[in-house]
Number of protein chains: 2
Amino acid sequence: MNSQLKRGTLELCVLSILARRDCYGYELVNAISESMHITEGTIYPLLKRLKDDGNITSYLVESTEGPPRKYYKITNNGLLKTKELEGQWIQFYRSINKILGITEKGE
Amino acid sequence: MNSQLKRGTLELCVLSILARRDCYGYELVNAISESMHITEGTIYPLLKRLKDDGNITSYLVESTEGPPRKYYKITNNGLLKTKELEGQWIQFYRSINKILGITEKGE
DNA sequence: CATTGTACCTTGTAATGCAAGGTACTTTGT
DNA sequence: ACAAAGTACCTTGCATTACAAGGTACAATG
């Protein structure tokens, strides 16, 4: 899939998933890669950016299946950010569909 | 609007508009900027890339309202490219909406 | 004891939106 | 005659970010 399309939306996807439940990085890679191609080289730097900006926090949990997992939890700021980005996304994809002449009446 | 979101879609927007009618660059800027913020610094390099790749051709038309206009016309390759990108776009935005839990039943 | 799966991370490259700056023509106002 | 505003073209340089590639480390399996 066109990698340029993903810019700006992966951040929203990660935040949106973390808004529903805590996840560790590797889990996010697997969850999102069901819908589109992504790799760890994309997710880990993104998680670092989100943490540096105060949108998520992390905590370690030991695992019996391998190395310890670093779980991420969304913050209040992160929730606000999620709502903001979601609004931008909806407005954006509707604009594109309008230009393309695509109408969404049902599935 | 989030500039990262636009990556990869502006190309499709321009191609899609040119698939319907010939346009000159400044006209495209005005047409697209009705739906989202873009500037000439984005469109002109994009048109050059599309032309270099053989997706569009151009021809000059004199104007009584200012300098001559450079009209762009889509090629057969460009039409194929448009269909390909449109398919990618539809698949993409539906994937995102699925991850976000957004359903499009009607407007 | 080598391989596979899980799980973390970093470096370097390529792509591209856009602010900023530049050229040139036509019309309008003073 | 001259300035300003609108039309129309173009380029340079910066910031952002997806991802391939490469690295570390632990547990289970053959």
Side-chain angles (χ1 to χ4, degrees), chain A residues 1-15 22-33 35-53 55-56 58-72 85 88-89 92 95-96 99, chain B residues 1-15 22-33 35-53 55-56 58-72 81 85 88 92 95-96 99:
Chain A
M1 183 179 293
N2 191 330
S3 77
Q4 294 298 328
L5 283 180
K6 296 169 198 163
R7 299 202 173 230
T9 55
L10 273 183
E11 187 178 344
L12 172 56
C13 288
V14 168
L15 284 172
D22 293 5
C23 287
Y24 55 99
Y26 197 75
E27 186 184 8
L28 282 168
V29 173
N30 290 331
I32 296 176
S33 66
S35 298
M36 59 178 146
H37 174 79
I38 50 154
T39 66
E40 296 158 280
T42 303
I43 292 293
Y44 287 121
L46 170 57
L47 287 169
K48 190 172 187 310
R49 287 198 296 274
L50 286 171
K51 193 177 175 186
D52 289 346
D53 291 347
N55 292 309
I56 57 178
S58 64
Y59 56 92
L60 284 175
V61 175
E62 286 187 37
S63 166
T64 58
E65 303 170 47
R69 296 165 174 170
K70 190 185 269 187
Y71 276 83
Y72 292 93
L85 289 180
Q88 285 180 10
W89 161 251
F92 173 76
S95 293
I96 301 292
I99 290 172
Chain B
M1 184 180 293
N2 191 330
S3 78
Q4 295 299 329
L5 283 180
K6 295 170 198 163
R7 299 204 173 230
T9 54
L10 273 183
E11 187 178 344
L12 171 57
C13 288
V14 167
L15 283 172
D22 294 3
C23 287
Y24 54 99
Y26 197 75
E27 186 184 9
L28 283 168
V29 173
N30 289 332
I32 296 176
S33 66
S35 298
M36 58 178 148
H37 175 78
I38 50 154
T39 67
E40 296 159 281
T42 302
I43 292 294
Y44 288 121
L46 171 56
L47 287 169
K48 190 172 188 309
R49 288 196 297 275
L50 287 171
K51 192 177 175 185
D52 289 345
D53 291 346
N55 292 309
I56 57 177
S58 65
Y59 55 93
L60 283 176
V61 176
E62 287 187 37
S63 167
T64 57
E65 301 170 47
R69 296 165 173 170
K70 190 185 271 187
Y71 276 83
Y72 292 92
K81 181 84 172 175
L85 290 179
Q88 284 180 10
F92 172 75
S95 292
I96 300 293
I99 290 171

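All heavy atoms count here, side chains included; hydrogens, waters and symmetry mates do not. Every chain is numbered from 1 and lettered A, B, ... according to where its sequence line falls, protein lines coming before strand lines.
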- request: Could you tell me whether the side chain of A:Leu47 reaches within less than 4.5 Å of the side chain of A:Leu28, counting heavy atoms only?
  value: yes
Shortest non-hydrogen contact from B:Leu15 toward B:Leu85: CD1-CD1, 3.9 Å
Spacing of A:Ile43 atom CD1 relative to C:dA7 atom C1', expressed in whole Å: 14 Å
query: What is the distance from CD1 of A:Ile96 to C1' of C:dG17, rounded to the nearest Å?
result: 13 Å
message: Just the rounded figure in Å: distance from C1' of C:dT16 to CG of B:Leu10.
response: 10 Å
- line: In whole angstroms, the gap separating P of D:dT17 from CG of A:Asn2 amounts to 16 Å
- prompt: Under 30°, 30 to 60°, or over 60°: which ring-plane class applies to B:Tyr71 and B:Tyr59, parallel, tilted or perpendicular?
  reply: parallel
- prompt: If we only count heavy atoms from C-beta on, is the A:Phe92 to B:Met36 side-chain gap below 4.5 Å?
  reply: yes
field: Sugar-phosphate or base contact per nucleotide [nucleotides 2-16 of chain D; S, B, -; heavy atom under 4.0 Å]
entry: -----BBBBB----B
task: Pick base, sugar-phosphate or nothing for A:Ile38, based on heavy-atom distances below 4.0 Å to the nucleic acid.
output: sugar-phosphate
task: Specify the separation, in whole Å, of atom CG of A:Leu5 and atom P of D:dT17.
output: 15 Å
query: Given atom CE of B:Met36 and atom C1' of C:dT16, what is their separation to the nearest angstrom?
result: 14 Å
Over all atoms of both residues, closest heavy-atom pair of A:Cys13 and A:Ile32: CB-CD1, 4.4 Å
message: For a 4.5 angstrom cut-off between non-hydrogen side-chain atoms, does A:Arg49 reach A:Asn55?
response: no
query: Nearest-Å distance, CD (A:Glu62) to C1' (C:dT6)?
result: 15 Å
Between C:dT6 (P) and A:Leu28 (CG): distance, integer Å: 15 Å
